[in-house]
*Asks:* 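Here's a structure for you.
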Amino acid sequence: MSSHLRDNSWLESRLRNLWQSYYSDAPIGFPIEIKFGRSARYRYGSICNVGSQCRILINRLFSHEEVPEYVVDATIVHELAHYVHGYGSGLAKLHSHPHRGGVIDKELRERGCFFIEMEAAAWRRDMWPEFYLSHAGGTARKVQEREKLAESAWDSHLGRSGFRTEEDLHARLLRLAAEFGIRKPYFSVEWLPASLRRTGLSYRFKREKVVRIHGLLADRRVPAEVIDYELSYWLACEKAGAKWQAVERAIKEAGKWESAERAIKWRRHSWPRFRARNHPLCKAK
């Protein structure tokens, strides 16, 4: 199916309208340039700064008019939330992590535009996979081939003898939850077969009610307290809220702060090197 393509001027118009409608009271940092970037399967938009210029890139496949305007709008208001939080804008950073603790959804709710994200999420869930495959052509086939190789590499890695299992993760979660005074955690826990771009140690997928721990942490050379800290962080968020002061207080009250400090130090000093040396997708290249 053919369709007309939107251009960068159209994007600029959408940005102006959305800023005036929902962000007119927001602080202004670097001037914003918005344009279509590369086609991608999972990245709908991105924000960064190039010197004193903020740059927002929107998935090039969204230039097709078959993609509803509200899907593009949802991507823009999401990136604008990052902008006011101090990412790519030159403004002071308001959060230690761009997504943790549901800070984007909270911002969109407070600004009255979360309904756009809800509508877009339904379209992405129901329509995006087929749309991507039909419009990305050879790129989609290459992506599928890479995904199969990645899946095989991760299956081999996580299946190694002596590595931690998801049953081990679940048992740790239940033990830690009890220490936090939580009878039943709101989320389950799984290994994450992470791409090379996923550099965090854990991610919470709120709509699926699951926390996924980077698969490299299955290796028992990684201290167990590193996994405990990742789970403790999300349990603390569940119990006390996403602000760091509340998280830190909840971890201390659970008696896990001393081990948390060691885990934070390991994350800072050892994780980048460990990831580079042991990631199965590095070895699969």
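Atoms considered below: every heavy atom in the structure, side chains included; atoms not considered: hydrogens, waters and symmetry mates.
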*Asks:* Which residues pass the salt bridge (charged side-chain N to carboxylate O under 4.0 Å, His left out) test with Asp105, sequence neighbours left out?
*Replies:*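 Not a single residue meets the salt bridge (charged side-chain N to carboxylate O under 4.0 Å, His left out) criterion with Asp105.
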*Asks:* Start with the C-alpha distance between Arg267 and Glu230, add both sets of side-chain angles, then the distance that settles salt bridge (charged side-chain N to carboxylate O under 4.0 Å, His left out), and finish with yes or no.
*Replies:* CA-CA 10 Å; Arg267 284 163 52 104; Glu230 296 301 314; 2.4 Å; yes
*Asks:* We want to know whether Arg43 and Thr75 form a side-chain donor-acceptor pair, criterion being a heavy-atom distance below 3.5 angstrom.
*Replies:* no
*Asks:* Would you say the side chain of Leu216 lies within less than 4.5 Å of the side chain of Pro280, judging by non-hydrogen atoms?
*Replies:*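 Touching, per the 4.5 Å side-chain cut-off.
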*Asks:* Within 45 degrees of the axis of the six-membered ring of Tyr42 and under 6.0 Å from its centre: does Arg197 put its NZ or CZ there?
*Replies:* no
*Asks:* Does any donor atom in the side chain of His95 or His82 lie under 3.5 Å from an acceptor atom in the other side chain?
*Replies:* no
*Asks:* Would Leu174 end up clustered with Leu231 when hydrophobic side chains under 4.5 Å apart are linked, directly or stepwise?
*Replies:* no
*Asks:* Can you list the other members of the hydrophobic cluster that holds Val50, where links are side-chain heavy atoms under 4.5 angstrom apart?
*Replies:* none
*Asks:* Centre of Phe205's six-membered ring, under 6.0 Å away, within 45 degrees of the axis: is that where NZ or CZ of Arg212 sits?
*Replies:*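 Because its charged atom sits under 6.0 Å from the ring centre and within 45° of the axis, Arg212 does stack over Phe205.
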*Asks:* Can a cation-pi geometry be assigned to Arg109 and Phe114, taking NZ or CZ under 6.0 Å from the six-membered ring centre and within 45° of the ring axis?
*Replies:*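 The answer is yes, since Arg109 meets both limits relative to Phe114.
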*Asks:* Nearest 0.5 angstrom please: Asp168 CG to Arg220 CZ, how far?
*Replies:*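 Atom-to-atom, Asp168:CG and Arg220:CZ are 5.5 Å apart.
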*Asks:* How would you list, by chain and number, every residue that makes a side chain to side chain donor-acceptor pair (under 3.5 Å) with Glu12, sequence neighbours excluded?
*Replies:* none
*Asks:* So is Arg198 actually on top of Tyr203's ring, under 6.0 Å and inside 45° of the axis?
*Replies:* yes
*Asks:* So does Glu166 have more than 12 non-hydrogen atoms from other groups sitting under 6.0 Å from CD?
*Replies:* yes
